[in-house]
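All values below come from the heavy atoms of this structure, side chains included, with hydrogens, waters and symmetry mates left out. Just so you know, ligand 1 is whichever comes first in the structure, and atom 1 is the first atom listed for that ligand.
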Amino acid sequence: ENRNDSNVNKKQEQLDQFKVDDHGKKMTTNQGLKVSEDEFSLKAGVRGPTLMEDFHFREKMTHFDHERIPERVVHARGFAAHGEFQVYESMKEFTMAKFLNDPSKKTPVFVRFSTVQGSRGSAETVRDVRGFATKFYTEEGNYDLVGNNMPVFFIQDAIKFPDLIHAVKPEPHNEMPQGASAHDTFYDFVANNQESAHMVMWQMSDRAIPRSFRMMEGFGVHTFRFVNEQGKAHFVKFHWKPVLGVHSLVWDEAQKISGKDPDFHRRDLYESIESGQYPEFELGVQLIPEEEEFRFDFDILDPTKLWPEEEVPVKIIGKMTLNRNVDNVFAETEQVAFHPGHVVPGIDFTNDPLLQGRLFSYTDTQLLRLGGPNFHELPINRPVCPFHNNQRDGFGRQTINIGQVNYHKNSLAQNTPEPAAPEEGGYVHYQEKVDGRKIQARSDSFKDHFSQATMFWNSMTPPEKQHIIDALTFELGKVKSPDVRQQVVDMFANVSMELVTPVAEGIGARVPEPREPASTKSSPALSMANTVKTPRT
Ligand code: HEM
């Protein structure tokens, strides 16, 4: 077996240790006692009441009663697979991340695709953003790239995320609609938080109804930082490019499939892997040297902006292949815990205020969703490298830490965990200079909400434009409040009159006064007609 395979197999072997095959075994209680009866409870007389002392009945029922855990507060409906990742060439010039430095190294990965809005049982071909979360089990610890299939986001600051999600989720008084964004509270939020304009354009486009998880792009969205061994930094944006190209359903198909096969996307992914048609995605990066932070006509830290690929080319650096389905959806797909703050040396954060808030949110929600602070011990979440610290105890703790001393800086014990020096792989936060007053406000450089929304529109082919017009007409047609409809129509007049005029006419709203388009730019790479379709060999 060569070095590559042993690397990839590390995660597989780790998971294998936890697998239990119940086939052909005698039934026992959780204490290992063999059970003789699993059909009839213990009763006082054959027609009498069930007795408390029937421990097997009690244990079986209690476990069943406790089977459910909370679904994710967003991205509840998801499906995942295992695979591997390999760089084409060393990225040492830009980052010291070891898994990006050695083209002979394969890194095991686990990827979960998801919708955002619907609950765990909702249909999959709805109009929505798709999550695209990748966990790299590297030798330096887990690195999570927790992205979406669209490169921008609805809001600029994490403090608004609870508002956004309250507005997009089913309305609280009647729990409608399931799995869809077409309703009053969502569009009311959009019209009153106009930084959402660019993202809503993507959401109305064909990108929001993918043909398959295998045929979507993925984006890290935020601007991250690459840091090399010399301490030199680049701003970086991450891209996944599907080798099969980007393909979507048309709305009519998507709606029919929702009814006929709500599992359409997971079935497609599962079956393609089972039949050996392994989904492949190339990893790309856009890089901006630290000195060029202010070279652009947008703020590179604003998550409602993308970096046009014509201005900052996407460098393709590696490939991921998904080649193994999970054995157990609950144990793996449901219990996996992604976090944009799981980084390795060579990858760091920026001051993007959306990213900053995400760094808090994920662990916080997982403490509830996965029942306490020990979810890193769950098989799917364990890194393939060892982990050692003085964190102890908590519900469900599995590790048996030995020794008297469980605190740092002590004289009683030798060899308790010591922080690692940078040359030993210790993570050092990038020493960015910050200087300013504490203030709660939006930066002036974050105040242009329409230029890139218009650029997106300008980049579409005529059929793509027609699909966006049809989508917005359909969506606003479901909004009951005429006032909210009109506000949204007025808002999108800032994007394009060509878009908003047929929409207003289609839903019986007033056509707004003509306005100058917010931008004359276009970025051809944004059209699905121009997405990468051929892999590098
Ligand atoms: C899931 C929060 C923005 C991608 C989640 C979860 C939370 C959350 C609480 C559930 C996690 C869990 O239960 O394990 C937030 C907050 C955001 C934000 C507070 C903004 C302030 C984003 C953005 C992206 C994104 C911009 C894309 C770049 C995802 C994905 C998942 C997720 C893919 C599902 C992960 C999985 O499959 O388990 N988010 N999110 N989120 N989020 Fe975010």
With a cutoff of 4.0 Å, is [X] in contact with ligand 1, counting heavy atoms of the residue only?
X: Gly147; answer: yes
X: Ala80; answer: no
X: Phe132; answer: yes
X: Val336; answer: no

Exercise. Indicate if the distance from atom 43 (Fe) of ligand 1 to the nearest N, O or S atom of Tyr362 falls below 2.8 Å.
Key: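 Yes, Tyr362 qualifies, because one of its backbone or side-chain N, O or S atoms lies under 2.8 Å.
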Which residue owns the protein heavy atom closest to [atom], what's the atom, and how far is it?
atom: atom 6 (C) of ligand 1; value: Val74 CG2, 3.5 Å
atom: atom 13 (O) of ligand 1; value: Arg369 NE, 2.7 Å
atom: atom 36 (C) of ligand 1; value: Arg112 NH1, 3.2 Å
atom: atom 26 (C) of ligand 1; value: Phe153 CD1, 3.5 Å
atom: atom 29 (C) of ligand 1; value: His75 NE2, 3.3 Å
atom: atom 11 (C) of ligand 1; value: Thr365 CG2, 3.6 Å
atom: atom 25 (C) of ligand 1; value: Arg358 NH2, 3.0 Å

Quiz item: Does the N or O separation between Arg72 and ligand 1 drop below 3.5 Å for any pair?
Solution: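 Yes, since at least one N or O of Arg72 sits under 3.5 Å from an N or O of ligand 1.
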Quiz item: Side chains of Lys11 and Arg382: does their closest heavy-atom pair fall under 4.5 Å?
Solution: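 Yes; the side chains approach each other to less than 4.5 Å.
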Quiz prompt | Ligand-side contact atoms (ligand 1) for residue partner Gly131, heavy atom cut-off under 4.0 Å | solution =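 With Gly131 as reference, the close atoms of ligand 1 come out as 33 (C).
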